[in-house]
Amino acid sequence: MPHWLLKSEPDVFGYPDLECVGREPWNGVRNYQARNNLRAMQVGELCLFYHSNAKPNGIAGVARVSVGAHPDNLQFDPLSDYYDPKSPPGDPRWSMVEVQPVRAFPRLLTLDDLRAMPEWQESPLTRRGTRLSVLPVTDTEFRSALSAVGLDADSL
DNA sequence: GCCAACGTTGGC
DNA sequence: GCCAACGTTGGC
């Protein structure tokens with residue numbers, strides 16, 4: 001099963017917020033590569049919830065795709081920061097999914113932690129200058145991240 | 001189709 | 001707050 005990583009700024013919406021609201025539309029993504037990843041996400045797939053622009057940055061929990069890709073509502077809302085007047089209504093340019101909380105990490109698995117893990121050396125996340133906000137995660141990366149904080153990927 | 005200018009992301 | 005990296009825009 002594919003896994004994913006979702007970036008969010010905890011000052012805006014962190015993993016605790018996801019637990020609080022129970023489910024959250026993942027909208028406002030305005031990058032084609034990230035969008036293509038959203039479109040590939042299937043219901044039930046698991047996502048690492050990553051805190052960016054934080055002190056410190058790192059993975060805070062696991063989320064699950066609860067609704068698959070569908071048109072992002074904000075692209076047609078003129079009052080939204082994410083309004084895209086050039087998106088054709090008959091062929092919406094941007095997509096969103098919905099996610100639900102699965103498990104909070106017992107501790108934040110920081111970017112520094114990840115950089116120190118052999119399993120994460122190839123991930124775009126640990127490379128400088130990667131701004132992609134929705135990215136695929138390999139099974140090895142996923143399992144090693146959970147195992148590093150004492151969680152078992154098979155018992156989620 | 002190229003590329004300079006600009007805006008944004010995101011680590012530090 | 002700074003700035004490197006990178007995506008997008010728009011003139012040509």
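Naming convention: chains lettered A, B, ... in sequence-line order (proteins, then strands); numbering from 1 in each chain. Predicted, not measured: the structure shown is a model, and the values here were computed from it.
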Would you indicate what A:Arg115 reaches in the nucleic acid, counting non-hydrogen atoms under 4.0 angstrom: base, sugar-phosphate, or nothing? sugar-phosphate

Applying ring-ring contact (aromatic ring centres under 6.0 Å, His included), name anything that partners A:Phe13, two or more places apart in sequence or on another chain. none

Sequence-distant partners of A:Glu45, salt bridge (charged side-chain N to carboxylate O under 4.0 Å, His left out), two or more places apart: none

Name the pairs: protein N/O against N/O of nucleotides 1-7 of chain B, kept only if under 3.5 Å.
{"from": "B:dG7", "atom 1": "N2", "to": "A:Arg131", "atom 2": "NH1", "distance (Å)": "3.2"}

Salt bridge (charged side-chain N to carboxylate O under 4.0 Å, His left out) contacts in which one or both residues fall within residues 83-98 of chain A, not counting sequence neighbours: A:Arg23-A:Glu98, A:Asp84-A:Arg93

Residues pairing under salt bridge (charged side-chain N to carboxylate O under 4.0 Å, His left out) where one sits in residues 46-66 of chain A, two or more places apart or in two chains, turn out to be none

How would you list, by chain and number, every residue that makes a side-chain contact (heavy atoms from CB on, under 4.5 Å) with A:Arg128, sequence neighbours excluded? none

Would you jot down, in residue-number order, the residues of residues 50-60 of chain A having a non-hydrogen atom under 4.0 Å from DNA chain B? A:Tyr50, A:Ser52, A:Asn53, A:Asn57

For A:Arg128 and B:dG10, give me the distance from atom CZ to atom C1', rounded to whole Å. 10 Å

To the nearest Å, how far apart are A:Leu114 CG and B:dG11 P? 11 Å

Members sharing A:Leu125's hydrophobic cluster (side chains within less than 4.5 Å): A:Leu5, A:Leu46, A:Leu48, A:Tyr50, A:Ile59, A:Val62, A:Val102, A:Phe105, A:Leu109, A:Leu111, A:Leu114, A:Met117, A:Trp120, A:Leu132, A:Leu135, A:Val137, A:Phe142, A:Leu146, A:Val149, A:Leu151, A:Leu156

According to a hydrophobic-cluster definition based on side-chain heavy atoms being under 4.5 Å apart (Ile, Leu, Val, Met, Phe, Trp, Tyr only), do A:Leu6 and A:Met96 belong together? no

Contacts of A:Arg143 that satisfy salt bridge (charged side-chain N to carboxylate O under 4.0 Å, His left out) - sequence neighbours left out: A:Asp139, A:Asp154

Between C:dT8, C:dT9, B:dG11, spot the one nearest the side chain of A:Lys86, thanks. C:dT9

Measure CD/A:Glu9 against C1'/B:dT9 and give the value in whole Å, please. 8 Å

